[in-house]
> 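Structure provided below as C-alpha cells; questions to follow.
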Number of protein chains: 2
Amino acid sequence: MSKENRAGIADVAARAGVSITTVSHVLSGRRPVSDKTKAKVLRVVQELDYRPDPSARGLRTGRSEAVALVVSDVTNPFYPQMAAGLQDVLQPQGFLISICSVRENSEDLDAALRHLLDRKVDGVVLASLTAQERHYAAITDAGASLVRLSGELDPRFGDIVRADDTGGMADAVTHVLERGNRRIGFVNGDPDTAPGRLRLAGYERALRDFGVEFDESLVVSGPFTRAGGVEGAHALLALDPAPEALVCANDLIAVGALDAVRERGLSVPRDVAVTGFDDIEAASLLSPPLTTVHNPAREIGRTCARLILERLSEGPAQGAREVVLPQKLIVREST
Amino acid sequence: MSKENRAGIADVAARAGVSITTVSHVLSGRRPVSDKTKAKVLRVVQELDYRPDPSARGLRTGRSEAVALVVSDVTNPFYPQMAAGLQDVLQPQGFLISICSVRENSEDLDAALRHLLDRKVDGVVLASLTAQERHYAAITDAGASLVRLSGELDPRFGDIVRADDTGGMADAVTHVLERGNRRIGFVNGDPDTAPGRLRLAGYERALRDFGVEFDESLVVSGPFTRAGGVEGAHALLALDPAPEALVCANDLIAVGALDAVRERGLSVPRDVAVTGFDDIEAASLLSPPLTTVHNPAREIGRTCARLILERLSEGPAQGAREVVLPQKLIVREST
DNA sequence: CTGTTAGCGCGTTCAA
DNA sequence: TTGAACGCGCTAACAG
C-alpha cells in the first residue's frame, strides 16, 4: 500500500515557512511576492511534487482547464485529426481534451452540453451539424468559449473556423486545366449541402479564371457515395466527346469514378484524369493513388484551440471572428 | 445576461423542507429515505433542474465519473473506434470520456497520467505501447481502474482486453482453403512483433487443422507496409509453381500485394486470391474490395468500459481478468 | 428515518 | 509584501 498522502498547499506553506496565501500567489502570480520567498516556495513545490487539486480549484474558480470537442461521429476520421490539432496546442498548456460523440438529435446534444458545462469546461468546439441557437447560447451563457465549424457568424455565439472548400476545388480544377485538359466533367454530391454548393462554385470559378466556358452538361449530381460516383462518371463518359477529366466532389465519388473508368476499359490518368476531395486514408492506397484536396483538419483543430485560449485570456469582450483555412491540393498519380 | 444562479443542494433542501443531508441521500440512495420525502425531494429536483456540482462532489469523494483513453496516436482509426465503444457504455452512465494522445516516450506518458490522475479519473484504458510497470502502478496506486490492451496479465495491474489475432488469421486461411486453394503464401509483417507472431501462428494452425502441410518457403516477412507487401508478394509470385493465394498480415501489406499482382498482369481473385487483416477504411474501397479480418475495435471499447464499471462497483478486491474477443472475417471480392 | 456539523483543498477578500 | 479566515457545494461521520 503506497498510500503516501499527496502534498497539499498547506504542506508546502508549512515547509516553506509562509502562509497558504503566499503559496497560492506565488503559483498564480496574481500579486507580488518577494523574490526570496518566491524562490523558497518554488523549491518546496518541487521537493514535495506539489500540484494543486483540480477539483478544489474548480470549485473555487469555476474553471477546469478542460476543453470539449463535440462531434456527431468519432468514427469519422476528420474528427480525430481535429482532436490531434487541439491536443497539439492545448496539451502543453495543461488542458484536458474530452471528446464527446453525440447522435445527431438535439436532445442528446442538450444532455451532453449539460454534462460538459456542469463540469465547467472552459471551451467547446462544436462540430455537431444539428446544433441550434439554444445550444450556442447554453455554452456562452455558461461562460465557456465557443468555436463552431459552420454556420453564420454571430457576435453572441463565438468564433468560426472552417476550410476553404471553394478555393480547394478551384485549385484542383486549375491543376487539371494546367495539365492541358479543357473538357472537364464535374461529379458533384448533393448540391443542396454546403460542400456541394461551395465545391461546385470552386469548379465554376476555376474555369472562369482560366477562360474556359462553363458547360452545364458536364456537371452531374448525386449522393456523396461510391455508387453516386459510378453512376455520375458513367453518365459523363458516355458523352460525345467524352470529358478528358473527372473532377469529383469527394473521394468516395472519385473511387466510384475510378470503378466506372475501369469498367469502360479506359485507363487513369492516360485516357481520363480523376480527382477527389477530402484526402481520406484510402486516397493514397488506391491505384492509381488519387490526386485530391486535403482538408486541413489538424490545422483546423489547432486554430480552434488558439481561438479558445485567446478568449480565455482576453475575456469575452471581443466580437466574433471567422477563420478560413486554405485547403491543400495533393497531387498523386490519378492526374 | 441570463445569470440566474444555478440551484444548489441547499436550495433543494429548503424548498422541499428537508435537510441537505436528506437530499444528498435521496440522490445517492446510500441510506433509506421515506417514500414520501423521497418523492417530494425528487419533484423539487426536477422543478429546480438541480444537478450536483461535479467539482464539489469530486473534492469530497475523490472520484470524477470520468474515464480516460490514453493512446499513442488519435489519428490511428482503431482508437476512435474504441472510443466509440467506450462512449456506447459510459456515456449513458453519465461518465465523461477524455482522449489523451501521447507521443511514444515514457516522460510524456508520465505527465499525461499525472494530469489525469490529479483529476481523479475513475478509470484508464491504456493503449500506449511504451507503457511500463511504473505507469501501471501509478494508475492503480491512485485508486483508478486500469484496463490494458496488451501485455502480461498481472493481478496488480488491472484487466486486459484484446482481440484474437491467431483465431482471426486462422479464419482467413481456412476461408481461402475452403475456396479450393492449397498452395497459400503468407506475407507477414515484422515477425518480432506480437501481431506478426500471433498471425503467423494462425496461418500455421489453419493449415494443420485442414491437413495441409506447412511449407516454409511460402512464408516471407517484411515491414507492415504497402512497400513490404509489394516486395513480399513479388517474391512469392516468382515461385514455381506460384501460390494460388496470398494471405497478408495486414491490410497495408495486402494493398501492396494487389499492386504486385497487377504489375505481373495477373487478376484478383481469378489468378490469385488476396486477403488482408484489420479492415481499414480503404479495404472496402479497393478494387477488388478486399477480403479481410475485422478488428472488433468498438467491441473492445465496450468491453473495456464494462470491466471498468464492474471494478468501480465491486471495489478493487478482485483478481485480474483477460478478455479475448473474436476477430471477424469479412468476405469481399478479393477471394 | 432524519438532521447537525465538520471538513475536502483551494482562492480570495480583508486587515496588517 | 504578507497572513488569517471564510466559503465554494457537497458527502459522511456522528447524533437523535
> Should the side chain of B:Arg57 and the base of D:dT11 be counted as holding a donor-acceptor pair, with the cut-off at 3.5 Å?
no

> Tell me: CG of A:Leu27 to P of C:dG11, nearest whole Å?
8 Å

> Would you say D:dG3 has OP1 or OP2 under 4.0 Å from some side-chain N or O of A:Thr21?
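Looking at the OP1 and OP2 atoms of D:dG3, neither is under 4.0 Å from any side-chain N or O of A:Thr21.
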
> Tell me what A:Thr37 touches on the nucleic acid: a base, only sugar-phosphate, or nothing, going by heavy atoms under 4.0 Å.
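Sugar-phosphate contact only - A:Thr37 comes under 4.0 Å of backbone atoms but never of a base.
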
> Within this structure, what is the CG-to-P distance between A:Leu48 and C:dG9, rounded to whole angstrom?
14 Å

> So, OP1 or OP2 of C:dG3: does either fall under 4.0 Å of a side-chain N or O from B:Thr22?
yes

> Once hydrogens and angles are ignored, does a donor-acceptor distance under 3.5 Å link the base of C:dT2 to the side chain of B:Ser34?
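In this structure, the two groups form no donor-acceptor pair.
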
> Tell me the interatomic distance from B:Glu65, atom CD, to D:dT11, atom C1', rounded to whole angstroms.
14 Å

> Check the distance between C:dC8's C1' and A:Ile9's CD1 and give it to me in whole angstrom.
14 Å

> Tell me whether the OP1 or OP2 atom of C:dG11 has a side-chain N or O from A:Thr61 closer than 4.0 Å.
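It does not, given that no N or O in the side chain of A:Thr61 lies less than 4.0 Å from OP1 or OP2 of C:dG11.
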
> Side chain of A:His25 only, please: which of C:dC10, C:dT12, D:dG3 is the nearest?
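The answer is C:dT12.
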
> What is the separation between atom CZ on B:Arg63 and atom C1' on D:dC10, rounded to the nearest whole Å?
15 Å

> Among side-chain atoms of A:Thr22 and A:Ser19, is any donor-acceptor pair under 3.5 angstrom?
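Yes, A:Ser19 and A:Thr22 have a side-chain donor paired with an acceptor closer than 3.5 Å.
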
> Just to confirm, is there a sub-4.0 Å distance from OP1 or OP2 of C:dG7 to any side-chain nitrogen or oxygen of B:Arg60?
no

> Using a cut-off of 6.0 Å, state whether more than 12 heavy atoms not belonging to A:Arg30 lie near its atom CZ.
no

> So how far is it from B:Cys100 SG to A:Gln91 CD, rounded to the nearest 0.5 Å?
4.5 Å

> Once you apply a heavy-atom cut-off of 4.0 Å, does B:Arg31 come out as touching a base, just sugar-phosphate, or nothing?
base

> Return yes when atom CZ of B:Arg134 has more than 12 non-hydrogen atoms of other residues, nucleotides or ligands closer than 6.0 Å, and no otherwise.
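Check passes, neighbour count above 12.
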
> Given that B:Leu59 and B:Ser19 both sit by DNA chain C, which one's nearest nucleotide is further toward the 5' end?
B:Ser19

> Would you say B:Ser24 places a side-chain N or O within less than 4.0 Å of OP1 or OP2 belonging to D:dT11?
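Answer is yes, contact under 4.0 Å.
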
> Over all strands shown, is B:Ile20 touching base, sugar-phosphate only, or nothing at heavy-atom distances under 4.0 angstrom?
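Result for B:Ile20 = base.
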
> Give a yes or no on whether the backbone of B:Ala138 and the side-chain of B:Asp141 come within a donor-acceptor separation of less than 3.5 Å.
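It does not hold such a pair.
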
> What is the separation between atom CG on A:Asp35 and atom P on D:dT1, rounded to the nearest whole Å?
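It is 9 Å, rounded to the nearest whole Å.
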
> To the nearest angstrom, how far is A:Asp53 atom CG from D:dC10 atom C1'?
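To the nearest whole Å, that distance equals 14 Å.
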
> In whole angstroms, how far is the C1' atom of C:dC10 from the OH atom of A:Tyr50?
7 Å

